[in-house]
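One-based numbering along the sequence shown. None of the values given here were measured: they were computed from a predicted structure. Just follow the structure's listing: the first ligand is 1, and inside any ligand the first atom is 1.
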Amino acid sequence: MFKKILVCNRGEIALRIMRTCKELGIECVAVHAEADRHSLHVKYADESVCVGKTTSAESYLKVPNLIAAAEITGAEAIHPGYGFLAENAGFAETVIENGFVWIGPQPDTIRSLGDKAAARATAATAGVPIVPGTGILASVEEALAAADEIGYPVLLKASAGGGGKGMRSAANGEELQRAFTTAANEAKSAFGDGRLYLEKYLARPRHVEIQILADSHGNVVHLGERDCSIQRRHQKLVEEAPSPAVSPALRARMGADAVALATLVNYRSAGTVEYLLDEDGSYYFMEMNTRIQVEHPVTEWLTGVDLVREQLLVAAGEPLDFRQEDVTFTGCAIECRVNAEDPSRGFLPGPGKVRDFHAPGGLGVRVDSHLYTGYTVPPYYDSLLAKIIVHGRDRTEAIARMVRALDESVFEGVPTSIPFHLAVLTHPVFQEGQATTRFLEEHGAELLEAMHVRSQTEQA
Ligand code: MV4
């Protein structure tokens, strides 16, 4: 096992990685921007290196500075966390060329799955269902012909995109004609790659993703699904496991397909296969994420597997020490991402000083957060304040526990998304397990009203 690693990230995920390192006797080096000098991940680490000024571009994304930090501290391996350079194949390559171990999949794997049209073709080769659609479109005429074949509505997607960037739907040929140009231009300017493909547009899918783990000895297992249907502008807000829409038989099929895809691409490390789950129970490959994800704790709680520990072990060349039949799922877990945003003002970010912080606790509550009383949330990075994760014997207990945990949380001085979370958790559609990716569009007004009523009641 490694003696010392460099953690190329900040906030709660840097802490999360270092916690497992501490348990494994691995020393940790933190990197930080000048703006993060007083951050908890810097205090928690054994050593730290300042890698630049304030913005991400001049600090957490500065590859030469990160490599230099690993060199001067004698770190053997680099963990990228999520975001920043986590899915940057070029960075992974540079890490390896400089003699360090990359805690993640091989650069070629990251690159091939990063091309969404190629990933779709790979999924099909692995026997994973894909949405009816096309490969890269050479012209708008080709798009129109394909849409006539598939039937409207259709969705244009940027092959270099993912996570919803550069998507355009079209209900007819006229709309498709216009969408093709705007989507291509948007993709070209955002990713330097205007290539598009097209899919049948599913009306009300759920977002269900399968966690996988793979080692360098050909072992691949899945750890079940997470339902991440509650999103706003492609930012997940609530995640849960198991999905209310997934039966044991469906889980086994989705899991086996995720394993087949990971096996085909010779995957190593933790990864996530994202699916769209249609109302009729059909599921389709969407994309594969080659990083540890924000919502990984819900899977950890159901399975008892420390996903960061497994990432470290397989990166060090160890074989997985359990098999698919050893993986069991206990109870129900829910995560709420508490952001420094005001949901009653269109989720307007509100960085600033946290005058008082009190994390919820008690049975079945986990809080992953880098906050402390007196900490100032900088405006330069994402607005995640804390992940509150609860576990219950069943979904009803988990929901009640989350409401209780949110109610006892204190984040004085900054706005939070907690009123929104409470409105979601108490909404009948969510409680019945019926929420799809359209939940906010369909019920946003009711959620705003519920938030308003609750704030009035609290003031009275
Ligand atoms: C879709 C879709 C409907 N039909 N593809 C959004 C993120 C990107 N990974 C793909 N996305 C979608 N692809 C087809 N053929 C609907 C979405 C989508 C979505 C997916 C997951 C979670 C939230 C979403 C919100 C809007 C649209």
Side-chain angles (χ1 to χ4, degrees), residues 82-83 87 113-124 128-135 137 143 146-147 149-171 175-176 179 183 186-187 190-191 195-210 225-241 243-246 254 258 261 271-291 293-295 335 337 347 424 429-430 434-444 447:
Y82 56 66
E87 292 178 281
L113 293 167
D115 182 326
K116 304 307 170 190
R120 202 172 119 80
T122 307
V128 185
I130 57 172
V131 187
T134 71
L137 297 161
E149 190 102 332
I150 295 160
Y152 289 92
V154 294
L155 196 56
L156 285 168
K157 295 186 177 184
S159 194
K165 272 179 261 165
M167 280 187 356
R168 277 281 187 292
S169 68
E175 280 186 23
L176 182 56
E186 208 174 278
F191 317 112
R195 292 175 310 137
L196 303 175
Y197 64 103
L198 181 145
E199 284 182 357
K200 172 89 185 155
Y201 182 58
L202 307 180
R204 293 177 79 242
R206 286 173 179 261
H207 174 130
V208 177
E209 58 186 33
I210 297 277
E225 80 284 6
R226 296 181 288 259
D227 192 318
C228 312
S229 297
I230 309 286
Q231 311 205 357
R232 181 183 176 272
R233 297 188 179 172
H234 305 295
Q235 283 289 101
K236 296 168 186 163
L237 293 162
V238 180
E239 303 101 345
E240 62 177 314
S243 168
V246 174
M254 295 176 88
L261 173 57
T272 300
V273 177
E274 294 187 344
Y275 295 107
L276 293 169
L277 176 60
D278 212 351
E279 288 168 292
D280 67 1
S282 331
Y283 63 91
Y284 306 95
F285 172 80
M286 187 159 50
E287 46 195 78
M288 183 164 183
N289 300 323
T290 57
R291 60 173 188 275
Q293 291 195 265
V294 177
E295 61 272 25
E335 172 177 280
R337 297 189 190 185
F347 291 82
V424 171
V429 171
F430 178 81
Q434 295 297 327
T436 71
T437 55
R438 302 289 293 272
F439 182 70
L440 260 71
E441 284 158 84
E442 292 171 355
H443 303 287
L447 296 173

**Asked** What residue among Arg120, Lys157, Arg195 forms salt bridge (Lys or Arg N to Asp or Glu O under 4.0 Å) with Asp115?
**Response** Arg195
**Prompt:** Take atom CD in Gln235; do more than 12 heavy atoms of anything else shown fall under 6.0 Å from it?
**Reply:** no
**Item:** Salt-bridge contact Glu279-Arg206 (side-chain N to carboxylate O under 4.0 Å)
**Value:** no
**Request:** Among Arg291, Glu287, Arg226, find the one that has a side-chain hydrogen bond (donor to acceptor under 3.5 Å, both in side chains) with Thr272.
**Result:** Arg226
**Message:** According to side chain to side chain donor-acceptor pair (under 3.5 Å), who are the partners of Gln434, at least two apart in sequence or on a separate chain?
**Reply:** none
**Asked** Name the residues in contact with ligand 1, where contact means a heavy atom under 4.0 Å away: which are they?
**Response** Val131, Leu155, Lys157, Gly163, Gly164, Met167, Glu199, Lys200, Tyr201, Leu202, His207, Gln231, His234, Leu276, Met286, Glu287, Thr437
**Atom pair CG/CG of Leu277 and Asp227 - distance to nearest 0.5 Å** = 8.0 Å
